[in-house]
Amino acid sequence: RAYIMALKSTGYQASALTVVWTSGQSLDSLTDGEWTDVSDAIDNTTNKYTVVDCELVLGSAAFTGTDSIVSLYIIPSVDGANYGDWTGNVTTEEKENNAYYVGSFLTSGASTAQRLPLRDVRIPPGLYKIVLRNTSSVTLAARCNTLKWRPHSFEDV
């Protein structure tokens with residue numbers, strides 16, 4: 001006899017939180033092809049959320065909409081103290097970072113501010129950090145750029 005498991009969303013389990021870059025290159029003034037530095041650590045050891053919905057808010061810039069994306073990378077800490085090797089804050093292709101790629105935000109051709117969602121991003125149950133790479137063909141605005149995440153999970157029905 002086959003058992004078919006159905007899942008339903010738990011709904012959001014917490015308020016939206018903003019990803020923080022205390023030091024180094026953040027989203028503001030991120031040039032085309034450039035990577036941010038790693039964000040501050042995000043702690044998922046207690047709640048053990050399984051997925052988050054992300055929203056990238058970008059200030060106005062002259063986006064083309066043609067192959068215009070900002071990519072999201074998550075670097076987990078397996079032991080709670082150390083993180084995988086990362087090459088960041090450069091404008092060159094870094095293939096060793098591909099293992100951490102989780103999705104992309106697609107910009108439109110508008111030059112106005114944009115709110116870009118990325119749904120159901122899997123996150124690790126411990127500590128992790130976030131990196132973004134701008135390949136939107138423009139330098140991002142000097143301010144008003146944020147990345148927010150809001151956790152949810154799935155449960156058996």
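Note that the structure is predicted; figures quoted are calculated from it, not measured.
- Side-chain contact between R122 and T50 is absent, with no heavy-atom pair separated by less than 4.5 Å.
- Contact annotation: the side chain of L58 approaches that of L116 to within less than 4.5 Å [non-hydrogen atoms, C-beta and beyond].
- Cluster annotation: W35 and I69 are assigned to distinct hydrophobic clusters (Ile/Leu/Val/Met/Phe/Trp/Tyr, side-chain heavy-atom contacts under 4.5 Å, transitive).
- Side-chain N or O atoms of N134 include none that pairs as donor or acceptor with a backbone N or O of E34 at under 3.5 Å.
- The backbone N or O of A99 sits nowhere less than 3.5 Å from a side-chain atom of E96 that would complete a donor-acceptor pair.
- Atom CG of D85 is surrounded by 12 or fewer heavy atoms from other residues, nucleotides or ligands within 6.0 Å.
- Put simply, the residue from R115, R150, R119, K148 that forms a side-chain hydrogen bond (donor to acceptor under 3.5 Å, both in side chains) with E55 is R115.
- S77 OG to D43 CG: the interatomic distance, rounded to the nearest 0.5 Å, is 10.0 Å.
- The nearest pair of heavy atoms linking A62 to S111 is CA-CB, 4.2 Å.
- The shortest heavy-atom contact between L30 and S26 is CD1-O, 3.8 Å.
- Under the 4.5 Å side-chain criterion, counting only non-hydrogen atoms from C-beta, L132 is in contact with L72.
- Atom CG of D40 sits about 12.0 Å away from atom OG1 of T18, to the nearest 0.5 Å.
- Checked by atom type, the side-chain pair S15/Y12 shows no donor-acceptor distance below 3.5 Å.
- Partner of Y73 under the ring pair (Phe, Tyr, Trp, His ring centres under 6.0 Å) criterion, out of Y100, Y83, W86: W86 alone.
- Between the OG1 atom of T146 and the CG atom of L27 there is a distance of 8.0 Å, given to the nearest 0.5 Å.
- Judged purely by atom type and a 3.5 angstrom limit, D32 has no side-chain atom pairing as donor or acceptor with the backbone of T139.
- No path of Ile, Leu, Val, Met, Phe, Trp and Tyr side chains, each step under 4.5 Å between heavy atoms, connects I74 with V78, placing them in separate hydrophobic clusters.
- By the 4.5 Å heavy-atom criterion applied to side chains, L17 and W149 are counted as neighbours.
- When every heavy atom of D37 is checked against every heavy atom of Q25, the shortest pair comes out as OD2-N, 2.5 Å.
- A donor-acceptor pair under 3.5 Å links the side-chain atoms of N145 to the main chain of A141, judged by distance alone.
- Rounding to the nearest 0.5 angstrom, the gap separating the CD1 atom in I75 from the CD1 atom in I42 is 11.0 Å.
- Between the side chains of S68 and S137, no donor-acceptor pair of N or O atoms lies under 3.5 Å.
- You'll find the side chain of V19 reaches within 4.5 Å of the side chain of S39, heavy atoms only.
- Residues Y101 and V131 share a hydrophobic cluster, clusters being chains of Ile/Leu/Val/Met/Phe/Trp/Tyr side chains in contact below 4.5 Å.
- Side-chain heavy atoms closer than 4.5 Å link hydrophobic residues (I, L, V, M, F, W, Y) into clusters, and following such links, possibly through other members, connects L147 to V138.
- At least one side-chain heavy atom of Q13 sits under 4.5 Å from a side-chain heavy atom of Y49.
- Atoms CH2 and OG1, on W21 and T36 in that order, are 5.0 Å from each other to the nearest 0.5 Å.
- In this structure, L56 is not a member of the same hydrophobic cluster as V20, with clusters built from ILVMFWY side-chain heavy atoms closer than 4.5 Å.
- Looking at heavy atoms from C-beta onward, C54 lies in side-chain contact with F105 at the 4.5 angstrom threshold.
- With a 4.5 Å cut-off on side-chain heavy atoms, S104 and S71 count as touching.
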